[in-house]
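Quick notes on the structure that follows.
Within every chain, numbering begins at 1; the chains are lettered A, B, ... in the order of the sequence lines, protein sequences first and strands thereafter. The basis for the numbers below is simple: all heavy atoms, side chains too, and nothing from hydrogens, waters or symmetry mates.
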There are 2 protein chains.
Amino acid sequence: MPPERNRRRIPDATVSRLPVYLRILGEQADEGVDSISSERLAELAGVNAAKVRKDLSYLGSYGTRGVGYEVGYLVYQIRRELGLTHDWPVVIVGAGNLGQALAGYGGFGERGFPVAGVVDVDPAKVGTVLGGVRVRHIDELPQIVQTKRVNIGVVATPPHAAQDAAERLVAAGVTSILNFAPVVLAVPRAIEVRKVDLAVELQILSYHEQRKASLHAVPGAGAGAVSRPASA
Amino acid sequence: MPPERNRRRIPDATVSRLPVYLRILGEQADEGVDSISSERLAELAGVNAAKVRKDLSYLGSYGTRGVGYEVGYLVYQIRRELGLTHDWPVVIVGAGNLGQALAGYGGFGERGFPVAGVVDVDPAKVGTVLGGVRVRHIDELPQIVQTKRVNIGVVATPPHAAQDAAERLVAAGVTSILNFAPVVLAVPRAIEVRKVDLAVELQILSYHEQRKASLHAVPGAGAGAVSRPASA
DNA sequence: CGGGCTTTGTGAACGTGTGCACGAATGCCT
DNA sequence: AGGCATTCGTGCACACGTTCACAAAGCCCG
Ligand SMILES: NC(=O)c1ccc[n+]([C@@H]2O[C@H](COP(=O)([O-])OP(=O)(O)OC[C@H]3O[C@@H](n4cnc5c(N)ncnc54)[C@H](O)[C@@H]3O)[C@@H](O)[C@H]2O)c1
Ligand SMILES: NC(=O)c1ccc[n+]([C@@H]2O[C@H](COP(=O)([O-])OP(=O)(O)OC[C@H]3O[C@@H](n4cnc5c(N)ncnc54)[C@H](O)[C@@H]3O)[C@@H](O)[C@H]2O)c1
């Protein structure tokens, strides 16, 4: 019997890939595949095979040499490690454009993240129904979080309200936040925050586009262009 | 004239932080701040001050020792490096739940990414108007990309259609893709792809929640059944 | 039953990213 | 003018992540 239980801490980079493997393995299982090699999984996930093996090795030695991994068992182990053995209800703060799209999207419930509630400050929004859930006033947040045992909150408010939304979530007892507002949230150290910022993604793409463009550009054209800070 | 013009390659990690600095600097400028230290910028961005300085040093030596950075000038330099000196029109494929939210969101146009078009296969969607843009049939994609000089495409179709959408985008001449479908896209090497997968984000949060829960759990409980994480 | 083929699991090398610590440059004050 | 306080820019060490390469472990077949 190994002395180490779950002392193993899984590297962040690996944690962020496990969901991808999980989805692929689920698809393979649906197609009747019950054994898969690291090579094949790597191909489907768009990564290096050695990386797949190393990632999976953090879960334990669940492969069979010369054969590969048993799909069903691997799915089980990854789900277990990611804490997906039970549902994690989420609460969405902000029933605007984005909040509505999220609430109306069935994909989360399917994957174990049912929408336990949607809240908003706008009285015009309160009472409307999104994806089968009635929008409630934000003052009811603590009650929703407590009764539905919510650990994960989603911030989908305008930027200026995001910090407030986060603080309310934390006060209500939420310990993980997914933030869609383009703002850096200040929260207690114990709270896990992940940010999804579409503008940032587009700007990163812009960087690469600009880079490609400047390779084709005239190599001589240079520093003459700008010297003074013009106002933006 | 310096022999190396833009030889400097900026590390990926830095590129992904520059947009954050840029937004903060813009806000500071709006508040009338015209000089900022790495310390302060770091605080606002939620990162280490040395990291800020190192990041900015890739752009050149634009700070003044003992003083800090001139906000307006820094904004200009970052915009320049990210290729934000002109607009990058984007085309959205898929006018569903998410595509509508994206098209209706004014934030992109403001930040230099105007929606040049939205396309869909569904005849029922074609002709409707989203955020001031009429939805067009996907067959018109090449024409839109060419006439509007679109380099960046957004995939907002269901998963099973995402690869097709990506291929059409590439065929039409797009060279960067922002993918919202939970699928690994296969594209030519030269095409830049960034993925936004909300389910992955939630699963990462789930991992951390599960981890917190298992710390409070009985330390002796071994490899038996899955211990049930009670409420927090 | 042994040899050969396949594929895992992992040590080691390499590359990338982070953060400290400190010299260097600059502005301000006396 | 000189000294002092501040803040940048960066060398360096360390941590983290990726990839290669290969022995070990298993299966299959003759
Ligand atoms: N819509 C998009 O496609 C999109 C894309 C990228 C980023 N975002 C970001 O997502 C966030 C939401 O975008 P949106 O388009 O849904 O905005 P929105 O204005 O449509 O909706 C925001 C909602 O939040 C509510 N709200 C305001 N203050 C609140 C508070 N203190 N507590 C609770 N609710 C509050 C408003 O009443 C409104 O219903 C914004 O930060 C935006 O920058 C949106
Ligand atoms: N809605 C959300 O909040 C949300 C959240 C996370 C992820 N996603 C992902 O974003 C994607 C879109 O989600 P959605 O909720 O908007 O789905 P949706 O079903 O509402 O919309 C998809 C749209 O794509 C169109 N379409 C289908 N095949 C197409 C093709 N080959 N070419 C062009 N258009 C095509 C459909 O006609 C439809 O209008 C999905 O992959 C989903 O998993 C959505």
Just wondering, do A:Ile10 and B:Tyr207 contact through their side chains at under 4.5 Å, heavy atoms? yes
Could you check how far CD of A:Glu70 sits from P of C:dT8, rounded to whole Å? 14 Å
Return the value, rounded to whole Å, for the distance between atom OH of B:Tyr73 and atom P of D:dC8. 16 Å
Output yes when at least one side-chain N/O atom of A:Lys51 is less than 4.0 Å from OP1 or OP2 of D:dT18, else no. yes
Rounded distance in Å - CG (A:Leu56) to C1' (D:dT18): 15 Å
Rounding to an integer number of Å, can you tell me how far B:Leu74 CG sits from D:dT7 P? 16 Å
Closest to the side chain of A:Ser57, out of C:dC22, C:dT10, C:dG19, is C:dT10
Spacing between A:Ile10 atom CD1 and D:dC16 atom P, to the nearest angstrom: 15 Å
Would you indicate what A:Ala50 reaches in the nucleic acid, counting non-hydrogen atoms under 4.0 angstrom: base, sugar-phosphate, or nothing? base
Under 3.5 Å: donor-acceptor pair, side chain of A:Gln163, backbone of A:Ala186: yes
A:Ala13 vs A:Arg53, nearer the 5' end of DNA chain D by closest nucleotide: A:Ala13
B:Arg17 side chain N/O closer than 4.0 Å to the phosphate oxygens (OP1, OP2) of C:dT18? yes
Please check if any side-chain donor atom of B:Glu70 sits under 3.5 Å from a side-chain acceptor atom of B:Ser35, or the reverse. no
Does a nitrogen or oxygen in the side chain of B:Tyr69 sit under 4.0 Å from OP1 or OP2 of D:dG9? yes
Look at B:Tyr62 and D:dT7 and indicate whether a side-chain polar atom (N or O) is within less than 4.0 Å of OP1 or OP2. no
Looking only at side-chain atoms of A:Asn48, point me to the closest of D:dT18, D:dG9, D:dT19. D:dT19
What protein N or O atoms touch nucleotides 27-30 of chain C N or O atoms at under 3.5 angstrom, if any, and at what distances?
none

Ring centroids only, cut at 6.0 angstrom: are B:Tyr73 and B:Tyr62 within range, meaning strictly under it? yes
Between A:Asp164 and A:Arg168, is there a salt bridge with N-O shorter than 4.0 Å? yes
Give a yes/no answer on whether the side chain of B:Ser38 brings an N or O atom under 4.0 Å of OP1 or OP2 in D:dC8. yes
Main-chain N/O of B:Ala116 paired to B:Lys148 side chain as donor or acceptor, under 3.5 Å: yes
Would you mind reading off the distance between A:Tyr58 atom OH and C:dT8 atom C1', rounded to a whole angstrom? 15 Å
For a quick check, tell me whether the side chain of B:Lys54 and the base of C:dG19 share a donor-acceptor pair closer than 3.5 Å. yes
Rounded off to whole Å, could you give me the CG-to-P distance for the A:Asp55 and D:dG17 pair? 10 Å
Any side-chain heavy atom of B:Trp88 within less than 4.5 Å of one from A:Leu202? no
